[in-house]
Amino acid sequence: MAQDSAKKREITSAFARNPKDTGSTEVQVALLSDRIKTLTAHLQANPKDHSSRLGLMKIVFRRKRLLSYLKKKDFKSYAALIEKLGLKDRG
């Protein structure tokens, strides 16, 4: 389940620090959050798809590590990002 390039560009432009930014922590977290939403909807329709469930767990843990890093490095940016994405601060 790959994201289409138009959707990626839209997310990247919304969370980028500057126009050429494509790999900052904020952009990576936003892209992973979109993939998590897509996979969650897929797994609700296909509950026996265990390989996709494993992939979802890997993506969730990667996002968790990135959020932890961002929280340590730049808390103000972290707070703005989780508010914009509608995530909860879990610690």
Side-chain angles (χ1 to χ4, degrees):
M1 265 203 227
Q3 293 172 322
D4 61 347
S5 59
K7 181 83 170 176
K8 276 188 177 182
R9 275 195 300 274
E10 179 185 322
I11 292 170
T12 302
S13 64
F15 291 92
R17 295 178 185 169
N18 59 51
K20 293 187 177 185
D21 178 22
T22 57
S24 67
T25 308
E26 293 89 347
V27 172
Q28 290 181 51
V29 169
L31 288 171
L32 289 173
S33 294
D34 184 58
R35 285 182 65 195
I36 288 169
K37 287 178 188 174
T38 305
L39 275 174
T40 302
H42 168 77
L43 286 170
Q44 286 176 347
N46 303 289
K48 293 185 179 181
D49 188 357
H50 297 295
S51 61
S52 290
R53 186 174 312 279
L54 178 63
L56 174 64
M57 296 306 295
K58 287 180 181 181
I59 292 170
V60 168
F61 290 131
R62 186 181 316 154
R63 182 179 73 174
K64 183 179 176 182
R65 280 195 312 266
L66 285 168
L67 284 171
S68 174
Y69 168 78
L70 186 61
K71 187 175 183 179
K72 283 188 264 182
K73 292 295 181 183
D74 187 7
F75 186 79
K76 195 179 293 185
S77 176
Y78 166 79
L81 180 66
I82 63 170
E83 182 180 336
K84 197 170 184 181
L85 290 174
L87 301 175
K88 295 179 183 176
D89 185 13
R90 298 265 185 200

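When reading the values below, keep in mind they use all heavy atoms of this one structure, side chains included, and skip hydrogens, waters and symmetry mates. None of the values given here were measured: they were computed from a predicted structure.
Cluster membership check: Y78 does not share its hydrophobic cluster with Y69, using side-chain heavy-atom separations under 4.5 Å among Ile, Leu, Val, Met, Phe, Trp and Tyr. Clustering ILVMFWY residues whenever any of their side-chain heavy atoms sit less than 4.5 angstrom apart, transitively, puts L39 in a cluster other than the one holding F61.
In this structure the side chain of I82 never reaches within 4.5 angstrom of the side chain of K71, judged on heavy atoms. In this structure, the side chains of N46 and S52 stay at 4.5 Å or more apart for every pair of heavy atoms. In this structure the side chain of L32 reaches within 4.5 angstrom of the side chain of R62, judged on heavy atoms. Within the 4.5 Å cutoff, the side chain of S51 has heavy atoms near those of the D49 side chain. Residues H42 and T38 fail the side-chain proximity criterion, which asks for heavy atoms closer than 4.5 Å. Inter-residue side-chain proximity for S33 and V29 is flagged as met; some heavy-atom pair is nearer than 4.5 Å. Within the 4.5 Å cutoff, no side-chain heavy atoms of V27 are placed close to those of I11.
Under a 3.5 Å cut-off, the side chain of N18 and the backbone N or O of K20 do form a donor-acceptor pair. A donor-acceptor distance shorter than 3.5 angstrom exists from the side chain of K84 to the backbone of A14, with no hydrogens or angles considered. With hydrogens and angles disregarded, no donor-acceptor distance shorter than 3.5 Å links the side chain of E26 to the backbone of F15. No side-chain donor-acceptor contact under 3.5 Å links S68 to the backbone of K64. With S13 contributing its side chain and E10 its backbone, the two residues share a donor-acceptor pair below 3.5 Å. Not a single donor-acceptor pair under 3.5 Å links the side chain of R53 to the backbone N or O of K48. With D74 contributing its side chain and L70 its backbone, the two residues share no donor-acceptor pair below 3.5 Å.
The minimum heavy-atom distance between G23 and Q28, with the atom names listed, is O-NE2, 2.7 Å. Across all non-hydrogen atoms, the minimal contact from R17 to D21 is N-OD2, 2.9 Å. Nearest heavy-atom pair across I36 and T40 is O-OG1, 2.6 Å.
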Kindly indicate, with the supporting measurements, whether the criterion salt bridge (charged side-chain N to carboxylate O under 4.0 Å, His left out) is fulfilled by D34 and K8.
CA-CA 9 Å; D34 184 58; K8 276 188 177 182; over 6 Å; no
In sequence, state the C-alpha distance, the side-chain angles, and the governing distance for L67 and L81, and then conclude on side chain to side chain contact (heavy atoms under 4.5 Å, CB included).
CA-CA 9 Å; L67 284 171; L81 180 66; 4.0 Å; yes
